[in-house]
Protein chains: 2
Amino acid sequence: MSADQISVTFAALADPTRRAILERLAMGEAPVKELSVPFEMSQPAITKHLKVLEHAGLISRSREAQWRPCKLEAKPLQDASAWIEQYRQFWDESFDRLDDYLKELQSEEATSKEKKDGRSTRKRR
Amino acid sequence: MSADQISVTFAALADPTRRAILERLAMGEAPVKELSVPFEMSQPAITKHLKVLEHAGLISRSREAQWRPCKLEAKPLQDASAWIEQYRQFWDESFDRLDDYLKELQSEEATSKEKKDGRSTRKRR
DNA sequence: TGGTTAATTAACCAATAAGTAAATTAATAT
DNA sequence: ATATTAATTTACTTATTGGTTAATTAACCA
């Protein structure tokens, strides 16, 4: 564990079991036993995957009696997403327009004014 | 190599050297020697990283005399991005508006009409 | 108390990953 | 032909990953 946070995040996402767990957790919290049901895999194996996810900050854990519910923590995904979005222009033809819209959205929220202008000056391809 | 494509993509992105190589290639094509300059690492090591990236479809390679230029191929990033975007609602407060905008954008492009309506009916949080 | 369920820990194994140094291939240049 | 430069291949080492089974901890239940 000397890797940077985004490396840890991508490494955690590189396993299909772990991604499936995250997808399940998007529906709501769940204890280990329940998470393990869809997989032909021992419970210790699931515990290990959960440790990887927890270490990556992608889940958090609490206690309820003998259960340890897992909860999705999507924050690291935001950074991963931001990294990938750098490259959107290389695949997305409508990148310019989306990019402009996001900038506009941001300035809208930052300044809370200029609600109905700007758009007319946007670049178009 | 029996993993699904998105696992291969995330695994390729989990290494900081490989991410740095992709960032360099976003500026334009480059041969192996040039790519290896910023790293304290032997050339065979770079060759290995390039193979991982090529195997993941994140770069392609050609030939020019004794050089093998590498070129960024961002397509797999689109799928990785799409996977992560599933979770945007868990971190992004303006998810609803962006989601609505993307839907609007899509229908705009599909139908090529209804250019200046819709926005007034969007959900707001 | 003892039994059951939930989950983790410990010890182990096989496969993969990330690096090295040395040898080899391929193209260019003299 | 030979030397140089670019890149890869080979063989090897070390650490990590993903899984196993068996034992242990922890909380609840009757």
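Keep in mind the model is a prediction, meaning the values are calculated, not measured. Chain naming here is simple, since letters A, B, ... match the order of the sequence lines and numbering starts at 1 in each.
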With side chain to side chain donor-acceptor pair (under 3.5 Å) as the test, would you mind laying out the steps for A/Ser60 and A/Glu54 before giving the verdict? CA-CA 6 Å; A/Ser60 61; A/Glu54 187 177 17; over 6 Å; no

Whole-Å distance, A/Lys51 NZ to D/dT17 P, equals 14 Å

A/Ile21 atom CD1 is separated from D/dG18 atom C1', nearest whole Å, by 13 Å

Scanning all shown strands, the Watson-Crick or wobble mate of D/dC29 with both distances under 3.5 Å is C/dG2

Hits for side chain to side chain contact (heavy atoms under 4.5 Å, CB included) against B/Ala26, two or more places apart or cross-chain, chain-then-number order -> A/Tyr87, A/Phe90, B/Leu72

Between CD of A/Glu34 and C1' of C/dA6 the distance, given in whole Å, is 13 Å

A/His55 atom NE2 is separated from D/dG18 atom P, nearest whole Å, by 14 Å

Applying side chain to side chain contact (heavy atoms under 4.5 Å, CB included) to B/Ala11 and not counting sequence neighbours gives A/Ala14

* Check the pair A/Lys71, A/Glu73 against side-chain contact (heavy atoms from CB on, under 4.5 Å), reporting the backbone distance first and the verdict last. => CA-CA 6 Å; A/Lys71 181 170 172 288; A/Glu73 299 287 345; 3.4 Å; yes

Under the criterion side-chain contact (heavy atoms from CB on, under 4.5 Å), I'd like the reasoning laid out for A/Leu22 against A/Leu13: C-alpha separation, chi angles, the key distance, then a yes or no. CA-CA 9 Å; A/Leu22 292 179; A/Leu13 296 179; 3.6 Å; yes

From CD1 of B/Ile46 across to C1' of D/dA6 the rounded distance in Å is 14 Å

Separation of C/dA27 atom P from B/Lys33 atom NZ, nearest Å, is 18 Å

- Query: Taking the side chain from B/Ser81 and the backbone from B/Leu77, do they hold a donor-acceptor pair closer than 3.5 Å?
  - Reply: no

### Message
On the nucleotide C/dA7, are OP1 or OP2 found under 4.0 Å from the side-chain N or O atoms that A/Thr47 carries?
### Response
no

Here the side chain to side chain donor-acceptor pair (under 3.5 Å) pairs for residues 41-53 of chain A, sequence neighbours left out, are A/Arg18-A/His49

Taken to the nearest 0.5 Å, the spacing of B/Cys70 SG from B/Leu35 CG works out to 5.0 Å

What does the list of N/O pairs under 3.5 Å between the protein and nucleotides 18-20 of chain C look like, with a distance for each?
| unit_1 | atom_1 | unit_2 | atom_2 | d |
| --- | --- | --- | --- | --- |
| C/dA18 | OP1 | B/Arg18 | NH2 | 3.4 |
| C/dA18 | OP2 | B/Arg18 | NH1 | 3.3 |
| C/dG19 | OP2 | B/His49 | NE2 | 2.3 |
| C/dG19 | N7 | B/Lys48 | NZ | 2.8 |
| C/dG19 | O6 | B/Lys48 | NZ | 2.3 |
| C/dT20 | OP2 | B/Ser42 | N | 3.0 |
| C/dT20 | OP2 | B/Ser42 | OG | 2.6 |

Here the residues of residues 61-71 of chain B within 4.0 Å heavy-atom distance, strictly under, of DNA chain D are B/Arg61, B/Gln66, B/Trp67, B/Arg68

When rounded to whole Å, the CD to C1' distance for the pair B/Glu54 and D/dT9 reads 15 Å

Those residues at least two apart in sequence (or on a different chain) that pass side chain to side chain contact (heavy atoms under 4.5 Å, CB included) with B/Arg19 are A/Asp4, A/Ile6, A/Ser7, A/Phe10, A/Trp83, B/Pro16

